[in-house]
Asks: 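Structure in structure tokens, see below.
Computed from a predicted model, the values in this text were never measured in an experiment. Chain identifiers are assigned alphabetically (A, B, ...) following the order of the sequence lines, protein sequences preceding nucleic acid strands; residue numbering begins at 1 within each chain.
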Amino acid sequence: MDIASCKRDFPLLHQIVHGHRLVYLDSASSSQRPQSVLDAMDNYYETTHANVHRGVYAIAEEADRRYEAARTAVGRFIGAPNPAQEVIFTKNATEAVNLVALTWGRQTLKSGDAVLLTDMEHHANLVPWLMLAEERGIELRWIPMGDDYRLDLTDLDRLLDGVKLVACTTMSNVLGTIPPFARIADAAHRAGALVLADGAQSVPHLPTDVRSLGCDFLAFSAHKMLGPTGIGVLWARQELLDSMPPFMGGGGMIADVRRDGFTTNELPWKFEAGTPPIAEAVGFGAAVDYLDAVGMEAIHKHELSLTAYALETLAQRFGDDLRIFGPATTDERGGVLSLAYRDIHPHDLAQVLDQQGVCVRAGHHCAKPLMRRLGVNATARASLYLYNDESDVDTLADALAEAATLFG
Amino acid sequence: MPGLEDLYREIILDHYRSPRNRGELPSPPARRAEGFNPLCGDEVVVYVDVDDGTLKDIRISGQGCSISQSSASLMSGAVKGKSLPEVRDLIRTFKAMMSIHEARLGDGDADEPVALDPESLGELAALQGVVKFPVRIKCATLSWNTLAQGLDDAESPDIATATD
Ligand SMILES: Cc1ncc(COP(=O)(O)O)c(C=O)c1O
């Protein structure tokens, strides 16, 4: 598959906004979907829909088959050793982290235990631990970020002393930084801690293999990787899932219910109470099929060269007027560009870019502790994906120049 | 489709570039109220010096976009020296212009619906274009809500002493 042809597969990208070609640079927040994903979901609703796990009639069996096939496809996509058991469908990455905090966390963590986070976590991987800290009196520690926008691991072994869980992003949604996750996981395991990977940003963009990553838990969302909203994944090692108490209670997650109690269903359904997002799972399956067909290596290579082009173009055209919060080179870095341009407020910048058809996000990107560390309230963030090309970066640069005229 | 010129009027850019009544007041005696816009991380701090039913002085600090900063600056000029009922009226009128209807601005005072009279708004009318950009309305109203909160604090000594 030719990466240059990708753009054609995404119907939303072919529209005119404010008289300009739409240039979508907000995939770190949520990506767009190819026609094949939309078709898979339509076809499911048009031909197959019935509730899963309950029907014996033909279309119910087919709904079940498609739902479970999607699970297996998503599991293979991340190298899960047991995709049919270990992939839990959640609402999104946020719910996946909360699931771990509220089941494994509540079961395991006692007052005085420590959870190690980093300076660059998204609120999704912070607030569940803050909530647990309030409830349980656990201690939160932080791997600091250095001035090069990378994690400073100098004190890692000391920080790990007494830690039960390390919860760390695999790519910062603000800086694009890709932490040396496997190294952190190794050290954590040696110290007797488990490791949760917030894969929301890396799984859509980098080849993922849970075994080489070395994580025990992995959380991510379909909507950032060409799939629909309303569905995400918690992957965890099977022994862990087996030992964890259930999350929500209801239909589907039980094997038996009596007046005096219940027994839980097998994996993965033990963690999926109620009617799941079936059409969304089908769309998610089509999304990973699409990504597989293009090839995650090819996508990563494309984004690396596009990020290098963007860093170079922006530096050339704007010099010191434009500041990029994030690693200066493409080593261990994804295509997320958090910008400060002169002293134009990110909100104003995004508004002016919108008039040129350019979609970027302005704000704190759900990472307020990191923003404080950076000393800003907000940034304007442009993020790249497989359907972006150099002309999108050029349009961004032109639109930035336009903002300078208005606010200059 | 609304254009940028509806949003970034010259008066707005002027107040953004040279904000009026910027700074702080010693607190106490001044009241200090903080407002946040959780969507964009903007924050505004409003200091009000209320004496004898009059808003004697006001200062604004904090950080934000051109809309929130210019709105705060325009607000500070419009309310300084006014009686508290006049200030409350202006807050209501401004928020009506932003077409945000909140059940309650003050503590328990029954709000009559305000007839919108743009004439009474003077320079503030420049912010009217913001309503065409719905996500920016919160930027424009941030300082006004914070001022209302500051006045509430100033007018309820019970709460103030209870926290002492
Ligand atoms: C690093 C990171 N973690 C977690 C999330 C949460 O994803 P969701 O909102 O889909 O749950 C995001 C999304 O912005 C993210 O960027």
Asks: Are the side chains of A:Asn377 and B:Glu43 in contact, using a 4.5 Å heavy-atom criterion?
Replies: yes
Asks: Contact between B:Asp42 and A:His345 at the side-chain level, heavy atoms closer than 4.5 Å - yes or no?
Replies: yes
Asks: I'd like to know whether NZ of A:Lys7 has more than 12 heavy-atom contacts from other residues, nucleotides or ligands below 6.0 angstrom.
Replies: yes
Asks: From B:Ser66 OG over to A:Ile344 CD1, what is the distance, rounded to the nearest 0.5 angstrom?
Replies: 10.0 Å
Asks: If you compare all heavy atoms of A:Gln355 against all heavy atoms of B:Gly3, which two are closest, and at what distance to 0.1 Å?
Replies: OE1-CA, 4.2 Å
Asks: Looking at A:Asp343 and B:Arg17, is there a salt bridge between them, counting it only when a charged N and a carboxylate O are closer than 4.0 Å?
Replies: no
Asks: Between A:Leu406 and chain B, which part of the residue has a heavy atom less than 4.5 Å away: side chain, backbone, both or neither?
Replies: both
Asks: With a 4.5 Å limit on heavy-atom distance, are the side chains of B:Arg136 and A:Asp348 in contact?
Replies: yes
Asks: Measuring from A:Asp354:CG to B:Phe133:CZ, what's the distance to the nearest 0.5 Å?
Replies: 8.0 Å
Asks: Tell me, for A:Val376 versus chain B, whether the close heavy atoms (under 4.5 Å) come from the side chain, the backbone, both or neither.
Replies: neither
Asks: Atom NE2 in A:His347, atom CG in B:Asn37: separation rounded to 0.5 Å?
Replies: 7.0 Å
Asks: Distance from A:Phe407 atom CZ to B:Tyr8 atom OH, nearest 0.5 Å?
Replies: 4.0 Å
Asks: For the CZ atom on A:Arg361, are there more than 12 heavy atoms of other groups (residues, nucleotides or ligands in this structure) within a distance under 6.0 Å?
Replies: no
